Participant: 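What follows is a single structure, and I will ask about it in a moment.
Bear in mind the structure is a predicted one, so any value in this text is a computation, not a measurement. Residue numbering restarts at 1 for every chain, and letters A, B, ... go by the order of the sequence lines. Computation of the quantities below employed the complete heavy-atom set of this structure, encompassing side-chain atoms and omitting hydrogens, waters and symmetry-equivalent molecules.
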Amino acid sequence: MEKKLYITTAIPYVNGTPHIGNALDYLLADIWTRYQKQNDHEVRFSVGTDEHGNKIAAKAAEAGLNPKTYTDQTYVNFENLMKKVGASYTDFVRTTDPHHISSIQYIWKTLLPYIYKGKYEGWYCIGCESFVSDKEASANEGICPDHKQPYQRLSEENYYFKTSAFTDQVREAISSDEMKIVPEFRKKEFLALMKDGLQDVSISRPKKNLSWGVPVPDDPNNIMYVWLDALANYITVLGYPDQPSWQEYWPADVQILGNDIIRFHAGLWPAMLLGLGLKLPKKLLVHGTIIVGGAKMSKTVGNVVDPNQVIDEYGLDAFRYYFSRHIPTLDNGDFTWEKFENSYNTELANDLGNLVQRVASMITRYQAGVIGVAPKGEHDMSVYHEAMESLEFNKAIDEVWLMVRSLNQYIENVKPWQIAKKIGKDAEAEAHLTEVLAYSVGALLQIADLLVPFLPKTASEIHKTFESGAIVASESVLFPKIYIHTKNPNTPKV
RNA sequence: CGCGGGGUGGAGCAGUGGUUAGCUCGGAUGGCUCAUAACCAUCAGGUCGCAGGUUCGAAUCCUGCCCCCGCAACCA
């Protein structure tokens, strides 16, 4: 049965260059999307960029540009990354889009029954033109590290959103899995965090302190808090409220986010939706952080991994492979160039690439490239599908590699090259060989099907090679060995 | 006693009371020759963080302790 599904990715703040965490968002959403499409569902897959706020304005000023011009230049970096990881997204939203702006103002007006004026008090840096959290203030011993000035205790009048009014509903939705937080431990973590209830959130800043943003309706001296603006993208991108088709896709089936922003997505965002009278998303997929050799990535340490470099050096599918299999979907994962290259050379090149090659080569050599009719692969795929449904993509792709391994074992046991030698002496040998090789092709085609969500290019190359009933030689081998970061074990010893 | 997760062979992990604790990578040996010097098999290697307890029996349950990692609400 065909369903209309919707998946979203967190929209990154465009004040920097895209990093590997952004790429992970797009990749996970894309895997899910391709999987659902393969099952004949229709999917909308949204991406976007978050472009308002002081930090953007500051960066723009540094570059001598107005903020809009600045974001017009930087958002492209993110769009390029989405394309580069092969994300098959259908909708792109920028928070500076006119439709988004008018929509968020409509949202504000609709939420008015839950909005009140209140005082916000906190530590403020005049240089930064912004408040800092108590934690940050005490961490810096009361002095702004950028401006070498002491923070001041200031208060200002803000609009507040009565998130607290929705505490019970949100808690209930999370506990009952009506809005399911995946993985379970994130759900527990968040429920513990909100045990004292959701706290009202200040959702505006005086214009003098926050110039770059969406004005509050009927009160242009106040600018909307960036998170309110940003979170709304998930519905404005669908055309909410003016294009009725949004109703065919909301609520989202899956919203993808990193663990660092869970409280906005599991607290403020559902409260906004409830205030608007909308349904809550069905699932929040919270992925972990990618660390490098056990350490957090950071610019100062200089261990930041550029997704572009990975893709440029090893190819897109190699990137998609490592980040879907060796970075657990629902937990933190480790990246090092050595690990990456090892898994590329052993798993992609030796296990899969070589398997395709040896089967194709035997058919070419023994049967002049004629496959005959390949039987349908018969491997039990329930583990794979269960893993996909429970959003544990790494477990699903693990399952594919079990199949790769068992096909290699099968070939080793049956020894087609020995059967080939009997042709002419043994009357049944020829038919037997054909059967063995056709079976292998059937298994490979099944493997290719299961790889479609993960390695679309590889899957289609395998299909191309075998599906016509005769071998179509490809111009190059799948996953040629690469030794950039590790030693080539086959170099002769000096 | 803030909350949560975790400590299992060199590395990464699975395993929540029951036969000799599994898997992948790495290492050693052997086989094979269709293949990207690939593939397959076998072997080596673990006092399951520490100490007590419950039990016929614990990595698995209980108690205490040690260590690591997140989070601790307005930075997006």
Side-chain angles (χ1 to χ4, degrees), chain A residues 10-16 50-56 120 122 128 130-136 158 160-161 163 183-203 205 225-230 259-264 266-268 288-289 291 294 296 325-326 328 331-334 336 338-339 342-343 345-366 394-395 398 401-402 404-405 407-420 433 437 440 476-482 488-492:
Chain A
I11 59 174
Y13 204 56
V14 294
N15 66 339
D50 184 10
E51 305 187 3
H52 288 128
N54 276 334
K55 287 193 180 172
I56 297 283
Y120 179 79
C128 303
S130 69
F131 284 90
V132 300
S133 65
D134 290 352
K135 185 181 159 192
E136 194 179 338
N158 285 178
Y160 271 79
F161 178 55
T163 321
E184 183 77 15
F185 75 88
R186 298 288 182 201
K187 165 180 164 181
K188 280 204 272 185
E189 207 171 88
F190 187 76
L191 282 172
L193 185 70
M194 67 173 286
K195 70 174 187 299
D196 297 327
L198 295 171
Q199 220 173 72
D200 291 353
V201 179
S202 83
I203 51 166
R205 302 286 185 271
Y225 174 50
V226 186
W227 267 107
L228 191 81
D229 176 6
N259 55 357
D260 52 334
I261 51 177
I262 184 170
R263 54 174 186 273
F264 301 101
L268 175 57
T289 311
I291 55 178
K296 269 192 175 177
R325 185 168 187 210
H326 294 294
D331 210 340
N332 296 341
D334 196 29
T336 64
E338 290 72 24
K339 280 184 182 179
N342 276 333
S343 95
N345 281 328
T346 60
E347 295 160 4
L348 287 175
N350 293 350
D351 292 344
L352 178 62
N354 179 61
L355 174 61
V356 170
Q357 178 73 7
R358 70 196 296 209
V359 171
S361 153
M362 284 190 277
I363 293 169
T364 304
R365 180 190 281 233
Y366 303 139
N394 56 308
K395 289 191 179 169
D398 273 349
W401 252 257
L402 285 180
V404 169
R405 168 174 283 263
L407 183 55
N408 266 322
Q409 288 169 334
Y410 167 81
I411 291 172
E412 205 64 36
N413 289 336
V414 187
K415 299 182 176 51
W417 51 92
Q418 287 186 6
I419 303 174
L433 182 62
L437 293 176
S440 302
S476 65
V477 150
L478 280 178
F479 307 115
K481 294 283 187 69
I482 298 176
N488 184 338
N490 303 316
T491 7

Participant: For B:rC39, take OP1 and OP2 only and decide whether either is under 4.0 Å from a side-chain N or O of A:Tyr410.
Facilitator: no

Participant: Output yes when a side-chain donor or acceptor of A:Thr163 lies under 3.5 Å from a complementary backbone atom of A:Phe161, and no otherwise.
Facilitator: yes

Participant: With a 4.0 Å limit, can you tell me whether A:Arg186 has a side-chain N or O closer than that to the phosphate oxygens OP1/OP2 of B:rC71?
Facilitator: no

Participant: Over all strands shown, is A:Tyr366 touching base, sugar-phosphate only, or nothing at heavy-atom distances under 4.0 angstrom?
Facilitator: sugar-phosphate

Participant: Please measure how far the P atom in B:rA38 lies from the corresponding atom in B:rA28, and state the result in whole Å.
Facilitator: 13 Å

Participant: Donor-acceptor pair under 3.5 Å: do we get one between A:Asn354's side chain and the base of B:rA35?
Facilitator: yes

Participant: Can you check whether A:Arg405 has a side-chain N or O nearer than 4.0 Å to OP1 or OP2 of B:rU24?
Facilitator: yes

Participant: Given the structure, check if the side chain of A:Ser202 and the base of B:rC74 hold any donor-acceptor pair shorter than 3.5 Å.
Facilitator: yes

Participant: Between A:Arg325 and A:Asp398, is the closest basic N to carboxylate O distance under 4.0 Å?
Facilitator: yes

Participant: Within the distance-only criterion (no hydrogens, no angle test), does the side chain of A:Asn345 pair as donor or acceptor with the backbone N or O of A:Ile482 below 3.5 angstrom?
Facilitator: yes

Participant: Does B:rG70 have OP1 or OP2 under 4.0 Å away from a side-chain N or O of A:Asn332?
Facilitator: no

Participant: With heavy atoms under 4.0 Å as the rule, sort A:Trp401 into base, sugar-phosphate or nothing.
Facilitator: nothing

Participant: Tell me the partner of B:rG26, counting only Watson-Crick (N1-N3 plus N6-O4 or O6-N4) or G-U wobble (N1-O2 and O6-N3) with both under 3.5 Å; none if nothing fits.
Facilitator: none

Participant: So what does A:Leu268 hit on the nucleic acid, given a heavy-atom distance under 4.0 Å: a base, only sugar-phosphate, or nothing?
Facilitator: nothing

Participant: With heavy atoms under 4.0 Å as the rule, sort A:Asp398 into base, sugar-phosphate or nothing.
Facilitator: nothing

Participant: Would you indicate what A:Val226 reaches in the nucleic acid, counting non-hydrogen atoms under 4.0 angstrom: base, sugar-phosphate, or nothing?
Facilitator: sugar-phosphate

Participant: C1' atom, B:rU54 versus B:rG26: distance in rounded Å?
Facilitator: 40 Å

Participant: Would you say A:Gln418 reaches B:rC32's phosphate, i.e. side-chain N/O to OP1/OP2 under 4.0 Å?
Facilitator: no

Participant: Any base atoms under 4.0 Å from A:Gly53, or only sugar-phosphate, or nothing? Heavy atoms, all strands.
Facilitator: nothing

Participant: Report the distance from atom OG of A:Ser202 to atom CG of A:Leu228, rounding to the nearest 0.5 Å.
Facilitator: 10.5 Å

Participant: Which is true for A:Arg325 with a 4.0 Å heavy-atom rule: it touches a base, it touches only sugar-phosphate, or it touches nothing?
Facilitator: nothing

Participant: Please measure how far the P atom in B:rG10 lies from the corresponding atom in B:rA44, and state the result in whole Å.
Facilitator: 15 Å

Participant: By the 4.0 Å heavy-atom rule, please label A:Ala192 as base, sugar-phosphate, or nothing.
Facilitator: sugar-phosphate

Participant: Between B:rG17 and B:rG12, how far apart are the P atoms? Round to whole Å, please.
Facilitator: 27 Å

Participant: Once you apply the 3.5 Å cut-off to both distances, tell me the Watson-Crick or G-U wobble partner of B:rG52, or none.
Facilitator: B:rC62

Participant: Which nucleotide, B:rA76, B:rA73, B:rC34, lies nearest any side-chain atom of A:Tyr225?
Facilitator: B:rA76

Participant: From A:Leu433 CG over to A:Trp417 CH2, what is the distance, rounded to the nearest 0.5 angstrom?
Facilitator: 11.5 Å

Participant: B:rC3, OP1 or OP2 - any side-chain N/O from A:Lys188 closer than 4.0 Å?
Facilitator: no

Participant: Establish, with yes or no, whether the OP1 or OP2 oxygen of B:rC75 is under 4.0 angstrom from a side-chain nitrogen or oxygen of A:Arg263.
Facilitator: no

Participant: Looking at every strand, decide which applies to A:Gly197 at a 4.0 Å heavy-atom threshold: base, sugar-phosphate, or nothing.
Facilitator: base

Participant: When the C1' atoms of B:rC62 and B:rC39 are considered, how many whole Å apart are they?
Facilitator: 50 Å

Participant: If I pick the C1' atom on B:rC56 and the same atom on B:rC61, what distance separates them, to the nearest angstrom?
Facilitator: 16 Å

Participant: Could you check which nucleotide pairs with B:rG9 in any of the strands shown, counting Watson-Crick or G-U wobble with both distances under 3.5 Å?
Facilitator: none

Participant: Identify the two heavy atoms, one from A:Leu193 and one from A:Arg263, that lie closest to each other, and give their separation to 0.1 Å.
Facilitator: CD2-CB, 4.2 Å

Participant: Quick one: label A:Asn394 by what it contacts on the DNA or RNA (base, sugar-phosphate, nothing), any heavy atom closer than 4.0 Å.
Facilitator: nothing

Participant: Flag the pair A:Arg358 and A:Glu412 as a salt bridge only when some basic side-chain nitrogen lies within less than 4.0 angstrom of an acidic carboxylate oxygen.
Facilitator: yes

Participant: Using the C1' atom on both, measure B:rG7 against B:rG15 and round to a whole Å.
Facilitator: 15 Å

Participant: At their closest point, which heavy atom of A:Gly288 faces which heavy atom of A:Asn332, and how far apart are they?
Facilitator: CA-OD1, 3.2 Å

Participant: Would you mind telling me which of B:rA72, B:rU24, B:rA35 lies closest to the side-chain atoms of A:Glu347?
Facilitator: B:rU24

Participant: Using a distance-only criterion (donor-acceptor N/O pair, under 3.5 Å, no hydrogens), is the base of B:rG5 paired with the side chain of A:Glu189?
Facilitator: no

Participant: Go ahead and name the base partner of B:rC71; Watson-Crick or wobble counts if both distances stay under 3.5 Å, otherwise write none.
Facilitator: B:rG2

Participant: The side chain of A:Gln409 lies closest to which of these nucleotides: B:rC75, B:rA41, B:rC71?
Facilitator: B:rA41

Participant: The side chain of A:Gln199 lies closest to which of these nucleotides: B:rU24, B:rC40, B:rC74?
Facilitator: B:rC74

Participant: Taking atom P in both B:rG49 and B:rC13, what distance in whole Å separates the two?
Facilitator: 15 Å

Participant: Name the closest nucleotide to the A:Phe264 side chain, picking from B:rA76, B:rC71, B:rA35.
Facilitator: B:rA76

Participant: Please classify the nucleic acid contact of A:Asn345 as base, sugar-phosphate, or nothing, using heavy-atom distances under 4.0 Å.
Facilitator: nothing

